[in-house]
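A quick write-up on the structure given underneath.
In the text below, chain A, chain B and the rest are named by the order of the sequence lines, each starting its count at 1. Keep in mind it's a predicted model, so treat the numbers as computed, not measured.
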2 protein chains.
Amino acid sequence: MAATIRDVAREAGVAVCTVSFAMNGSAHVAEATKKRIFEAIEKLNYRPNQSARGLVTKKTNNIGLVVEDTVDGLENSILLDVIKGLGQATGDNNYDLLLSFQKPSTSKLADHLLDVYRKQSADGLILMGAAINQPFDELIKNRFPFVLLGRPAIPGLCHSVNADNEQGAYEAVKYLVGKGHRRIALITPCTLEVDASLDRYNGYRLAMEEFVGRFDEQLVAIGSFEQDSGYAETEKLLSLKDRPTAIIAGRDVIASRVVERAQELGYAVPDDVAVIGFDNTVVSQLARPSITSIELPMRQMGLEAAKLLMKLIDGEIGFDDIQTIVLPCTVCEREST
Amino acid sequence: MAATIRDVAREAGVAVCTVSFAMNGSAHVAEATKKRIFEAIEKLNYRPNQSARGLVTKKTNNIGLVVEDTVDGLENSILLDVIKGLGQATGDNNYDLLLSFQKPSTSKLADHLLDVYRKQSADGLILMGAAINQPFDELIKNRFPFVLLGRPAIPGLCHSVNADNEQGAYEAVKYLVGKGHRRIALITPCTLEVDASLDRYNGYRLAMEEFVGRFDEQLVAIGSFEQDSGYAETEKLLSLKDRPTAIIAGRDVIASRVVERAQELGYAVPDDVAVIGFDNTVVSQLARPSITSIELPMRQMGLEAAKLLMKLIDGEIGFDDIQTIVLPCTVCEREST
DNA sequence: TTGCTTTCCGCCCACGATTGCAATACCATT
DNA sequence: AATGGTATTGCAATCGTGGGCGGAAAGCAA
């Protein structure tokens, strides 16, 4: 049904290889002939068959994207930004994105991931989600390009792109100190086993030591993925003898709970307590008062990851020259501080 | 580098075609031989090369997903749910998802869409986004399977899957009437040129006529995509002589504005005014009071769309037997009503 | 005329898998 | 021993593109 290169050659009155040369530019083709060929291509709506092309060039022009399908509905809007960034970079470079969401039932996830490589349906992989770990050996051993995105890197082993969570928390503290706060509390996004959580904790700790001169364990509460995480913690923090005048929440949802509880307890936000969230989602925009939030450069992360992967595929970056890209977060100021 | 079918044949001590038969089940292969073959496959981590396979079978086992990359950040979490639904259905059926976001600069969008078809890099297409219109002719003429998802259908021409926005608004009214309300206002999600907006408007109108006996133009305000859409409208609606006791907002974001403004004006929610949102996003969960919202079955829409498309690809549904799937919305009850 | 370059063609192989065909090997039943 | 059925094989063609090679044709300059 669809036109083949032969049809184009016939239409343009040239040989098949001349068409191929004209398109791929690996030999001299006279301008006039080129023009005839491209007119024929246009007329027949010809595009080289991907399968055939892939078979001989050993390139699919696909980038595989494997995402661990976790349940936390909130990260969704963030995730989509990453995907859009990826889509932009790949689209601009004539790549397509081969997407698969997989539940974090580790075996299926790993299988699917390896299948993309084994079936050779993509030239490289981008991996998102913490549960993916086991199957890296085969990829590395066979020098198949892949990039970890927005998840804990494995230093010296895998290329990765991530947001600088540590710096983000650090900036949050610095910003609050600039506003005159010295008793600044932290509610972590979740338990410290999760890397992003630990990073934010560390950034907070570092900044407190640097700007306030002292890190007080009492001012740290551990958040969770529970619906109302932040609610009880707020009360606990505000009832300390020397209560904090500012609270950094590890996620926007938590921050909205913090604001809510603080107000219930009679504290005005931001006058009595300032609040900062994390991730700069709709939640922080819509809360009243709107909540200052640390913005993660999700779209840019996707963009950089795709660019990096494409360089790896093209061999512009050597396999053993492990790249670790960490992108800075920015403070997005709103009413809550 | 990667193993080929020849390697497997050699390893198992059989002929190439026996391996192929064993895998694709198109001839008799003895159990014992089958076992040897699958052991060899396992040992070599063999998977048939997609390009080679696609070339001869004329199937890629990919489904193309073309999404119009609009800017409205809020629809994101919803969009991702659709994608997850798609991913689930395709993954379960051994398909992959070929994703491309494109800005609604119509020409690029259309080009990319047609390229997927012309390059034959997918067996079918799923299209999301209102700006995609022009290039259907080529697809239809060549009987290439595609499904419109979550956007205005073209009756009798294209297969489509959508949420029943009309029924959703209808249910909202019905629910409020059940709670004793009779003066029920509507703020549309945006202008009525947008189909979903019009559908919700019609559903509201229908239900008002049916359950209240009278449709009052005064009770309808036109919303927009502005940040604070809903704010001014609320004031207008509440200052009517015979003010509404309930407001249906066309989107959750708008609903949150409605609640906010109503409270500022001294009306208690839900006691003085009940509020219902649309889309059941995080916003409605996090608002205080939490907002009752009409939930669109996004994930299921993705699932159904993928299933439909796969049936079309397999020829289980004829080309001219146009399917229009409309999935019902449900009321998700919260504090605001 | 000769020599040289540019442009083009035809031919052929390769890529990896599927599949039809004809042939053979094996086994069990009669 | 003959028959029939099942299991397996080799061979070859096919899919659409890419690309190497040698050669032919055409144009141009000396």
Closer than 4.0 angstrom, basic N to acidic O: yes or no for [X] and [Y]?
X: B:K311; Y: B:D314; result: no
X: A:D7; Y: A:K43; result: no
X: B:K59; Y: B:D96; result: no
X: A:K35; Y: A:E39; result: yes
X: B:D81; Y: B:K84; result: no

Can you tell me the distance, in whole Å, between the [atom1] atom of [X] and the [atom2] atom of [N]?
X: B:I37; N: D:dT9; atom1: CD1; atom2: P; answer: 8 Å
X: B:N24; N: C:dT19; atom1: CG; atom2: C1'; answer: 10 Å
X: A:K35; N: C:dT7; atom1: NZ; atom2: C1'; answer: 18 Å
X: B:K34; N: D:dT6; atom1: NZ; atom2: C1'; answer: 13 Å
X: B:M23; N: C:dG16; atom1: CE; atom2: P; answer: 16 Å
X: A:K59; N: C:dG16; atom1: NZ; atom2: P; answer: 17 Å
X: B:F21; N: C:dC21; atom1: CZ; atom2: C1'; answer: 10 Å

Collect all protein-nucleotide pairs involving nucleotides 23-27 of chain C in which both atoms are nitrogen or oxygen and the distance is under 3.5 Å.
none

Distances under 3.5 Å only, N/O to N/O: pair up the protein atoms with those of nucleotides 13-16 of chain D.
unit_1: D:dC15; atom_1: O3'; unit_2: B:K58; atom_2: NZ; d: 3.2
unit_1: D:dG16; atom_1: OP1; unit_2: B:K58; atom_2: NZ; d: 3.4
unit_1: D:dG16; atom_1: N2; unit_2: A:A52; atom_2: O; d: 3.4

Point-to-point distance, once rounded to the nearest 0.5 Å, from CZ of B:R53 to OG of A:S51 =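 B:R53 atom CZ to A:S51 atom OG measures 11.5 Å (nearest 0.5 Å).
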message = Students often get this wrong, so: under 4.0 angstrom with heavy atoms, is B:S20 touching a base, only sugar-phosphate, or nothing?
response =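 Contact class for B:S20: base.
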Sugar-phosphate, base or nothing in reach of A:V16, heavy atoms under 4.0 Å =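 The residue A:V16 makes no contact with any strand.
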request  = Apply salt bridge (Lys or Arg N to Asp or Glu O under 4.0 Å) to B:R36 and list each qualifying residue two or more places apart in sequence or on a separate chain.
outcome  =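 Per chain and number, B:R36 pairs via salt bridge (Lys or Arg N to Asp or Glu O under 4.0 Å) with no residue.
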key: Among A:K119, A:R118, A:Q120, side-chain hydrogen bond (donor to acceptor under 3.5 Å, both in side chains) partner for B:N49   = A:Q120
Derivation and outcome, ring-ring contact (aromatic ring centres under 6.0 Å, His included), residues A:F146 and A:Y117 = CA-CA 10 Å; A:F146 70 100; A:Y117 155 68; 9.9 Å; no
